[in-house]
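Remember, it's a predicted structure, so these values are computed and weren't measured experimentally. Residue numbers begin at 1 in each chain, while the letters A, B, ... track the order of the sequences.
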Amino acid sequence: MENIITLAHGSGSTQTNELIDRIFKSNFDNPYLTADDAAVLDIEEGKIAMSTDGFIVSPYEFPGGNIGKLAVCGTVNDIACMGAKPKYITCSYIIEEGFPVEELEKIAESMGETARKADVRIVAGDTKVAGKGQVDKIFITTAGIGNIIEGANTSGAFAKPGDKIIVSGDVGRHGCTILLARNEFNIDADITSDCAPLWSNIESVLNVTKNIHVIRDATRGGVGTVLYEIAHQSNVGISIDSSAIPIDPGVRGVCSMLGLEPLYLACEGRLVFIAPAEEADKVLNTLRSCENSEKAAIIGEVTDENIGKVVLYTAVGAKTLLSRPSGELLPRIC
Amino acid sequence: MNEIIQRSKEIITGYDGPKVRIMEVCGTHTHEIFRLGIRSLLPENIDLISGPGCPVCVTPIGFIDEALYLALEKNCLITTFGDLIKVPGTEMNLAKARANGAAIRPVYSPDDAVEIAKDNPDTEVVFLSVGFETTTPSSCLAVKKAKELNLKNFSILTANKSMPNAYLKLKGSADAFIYPGHVNAITGNSVCKHLKEEGVSGVVAGFTANELMSALAVTIEMLKKNEPFFVNCYPRVVKDEGNPAAIKLMDEVMELCDTEWRGLGIIEKSGMKLKAEYSDFDSRIKLNIPVIHGKPNPACRCGEVLQGHCKPSDCPMFGKVCTPLHAVGACMVSDEGACSAYYQYGQM
Amino acid sequence: MCVGLPARVVSINEGTAIIDANGAKRSVASQLIDDLEPGDYVMVHAGVAIAKINSDDETEGNEILGII
């Protein structure tokens, strides 16, 4: 086999088959993985959650993961946030001509490993090769489905005044990791992406209580954006205590260097739970006992004032609005 | 809340004297004051005005047009502090130029721009040099380094500003000024002391919650005494003599010039440009930029906002036509611009 | 005007210092400050150390409030 991807690999020819056999089948192997036009699946009765997500991260490999791991986590976490156990995912690759096969193998290996960890099957896939310069190295789109577990009923529209807001760990790590990995600002810091599949965390919480109003994963836009979305969807206000928000010291350092707000940096392994006050400690303690959410914290509550807004309680004992990001996050000197 | 904040808060909220107007000159102060919610603590008789201390806000529209010309007509790689990317020029901003194929790269330091020029000898690299005395030394160091490296593909487009003569223009806009801590870290305190002799009061402040609250408390207490004052409330960083090496460096590489401030017009000897011996690194000379006059939107009241003559909400475009997503004036673009800060934090 | 970054000097070499702010490290110009030593704290702006920091903001705040 050649050591770079060529247009022939995307042509449906013997090269395509070779690529599928060597790279994808070996890493994704499971009884449902189809060689036909569509996978045929067993589904339990009840409601299904389904989601899709595209991934174009640059660089495609970064401390704590790569685009493959990210593509699995992104979709399984979206499904999990609906209270559904992710079961099957599909993946579609668009690869730039000339991409090293060895790198593709690493990405596929990481997808397989993450899927096994998340207990989902990769059941169908597609590979297209685009001409040099038509895409930036490799893009992956995944889609997935999962069974909603009985009694779970969450939505961004269900937050109620008095509810507590719990974040499952320190914020902004993935965004910060990518920023540093691009090396545009010549900053070094020991920060790894928080990228992780989170169904087991959600399942543990739902095993303790199903009385959860909102579960959201904070991805691009970070926890700040998720909170604004929930405030809008639920038509409530959100009040958070700036000193309660867990932030990795390194992330804080990078943010102060570049004048960025950690609440708006992307996460790929962080959940926001909104639950009635009497459930909050249960949720918190359960999360703290799980891998990837040891640093969970209650950061604030839902209010019936300042509707649609996120209000921060600050170090001087005053309240202020969390400023909204306007588009692209840019480092500032002033 | 610690004791410093607690005690400062008591002094500030307990003020019951005649109405006082305090102007924070520095945009980062504006930003932090909003971020900490300090305005919401103030009694009605303390008016905190945001002054012209955001280098992005006071950069005239023609400067962005010059940068756009270099990016789009001369195919230069424009390196810039992230702050400038969304500032509107006459036709578009740099973000839009980038979407149209121009090469625009945010950098953390002008030194990074020099490194980019070094690594890409076939690319003409321009650094957009804005900033007050705090930032100007970094541009001077970059130019000196480029000269030492004998780089032929690096230049800076200057719009650097100098504060002392701008203060004179602001005289009378407020009862006391909160001077910009990091400008004074470079220039020292002599200008502020001199202003005190002329009856202009103020304090130098730092940027943390402790520093801003204690500086405000000191300002209030001093105002009660009803005589001109100057207090350095940021002594852990600001020395009376400033940073002599930085002052010497600026004298060596740049000289004062008359310059336009967005909204304020031309202020004599309030700008900095490269000296003749560094003209090889002056984008205007090196790349033959024609004279470009920007055309600001006539309805924009940024100029009055910058002088504290009106509040952002007094501008007819504020929050309607002009929002952070679709900024008309520069004060809405920069995170520390008074309009942006009012828009983002003022809606409570 | 000017976001400042307080940071600890890790090492110095010919006018350039490696500084550390909570674990975020970068090289910055240090030639504008005399007698800088590893362990010192500096205020950094746009990649230049512009001033030495000689105490924390609490000590400073207490002193400042002491004068009024």
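Neither the backbone nor the side chain of C/Glu63 has a heavy atom closer than 4.5 Å to any heavy atom of chain B. Heavy-atom distances place no part of B/Val203 under 4.5 Å from chain C, backbone and side chain included. Of the two parts of B/Asn232, only the backbone, made up of N, CA, C and O, holds a non-hydrogen atom closer than 4.5 Å to a non-hydrogen atom of chain C. With a 4.5 Å cut-off on non-hydrogen atoms, B/Ile5 does not touch chain C at all. For B/Tyr234, the parts lying near chain C are the backbone and the side chain together; criterion is any non-hydrogen pair under 4.5 Å.
What you find for C/Ile68 and B/Arg7 is that their closest heavy atoms are O-NH2, 3.8 Å. Among all heavy-atom pairs drawn from B/Pro110 and C/Ala46, the shortest one is CD-O, 3.7 Å. When all heavy atoms are compared, the tightest approach of B/Ser109 to C/Arg26 is CB-NH2, 4.0 Å. Of all heavy-atom pairs between C/Gly61 and B/Ser214, the closest is CA-OG, 4.3 Å.
For the atom pair OG1 of B/Thr135 and NE2 of C/His45, the computed distance is 2.5 Å after rounding to the nearest 0.5 Å. With rounding to the nearest 0.5 angstrom, the NZ atom of C/Lys52 is 11.5 Å from the CG atom of B/Asn243.
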- Item | Derivation of the side-chain contact (heavy atoms from CB on, under 4.5 Å) call for B/Arg236 and C/Glu60 | CA-CA 7 Å; B/Arg236 74 190 181 108; C/Glu60 177 191 69; 3.1 Å; yes
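Between chain C and the residues B/Asp111, B/Val231, B/Leu141, the largest count of heavy-atom pairs under 4.5 Å involves B/Leu141. Per-residue counts of heavy-atom pairs under 4.5 Å with chain C were compared for B/Glu3, B/Glu221, B/Glu32, B/Lys145; the largest is that of B/Glu221. Across C/Leu32, C/Val48, C/Val28, the residue that shares the most heavy-atom pairs under 4.5 angstrom with chain B is C/Leu32.
By the 4.5 Å heavy-atom criterion applied to side chains, B/Ser8 and C/Leu65 are counted as neighbours. Contact of the C/Met43 side chain with the B/Phe207 side chain is not registered, since no non-hydrogen atoms from C-beta on lie closer than 4.5 Å. At least one side-chain heavy atom of C/Asn54 sits under 4.5 Å from a side-chain heavy atom of B/Lys239.
Looking at C/Asp57, its side chain never comes within 3.5 Å of a backbone N or O of B/Glu211 through a donor-acceptor pair.
Under a cut-off of 6.0 angstrom, the local environment of NZ in B/Lys248 is sparse, with at most 12 non-hydrogen atoms contributed by other residues, nucleotides or ligands. Atom OH of C/Tyr41 sits in a sparse spot, with 12 or fewer heavy atoms from other residues, nucleotides or ligands closer than 6.0 Å.
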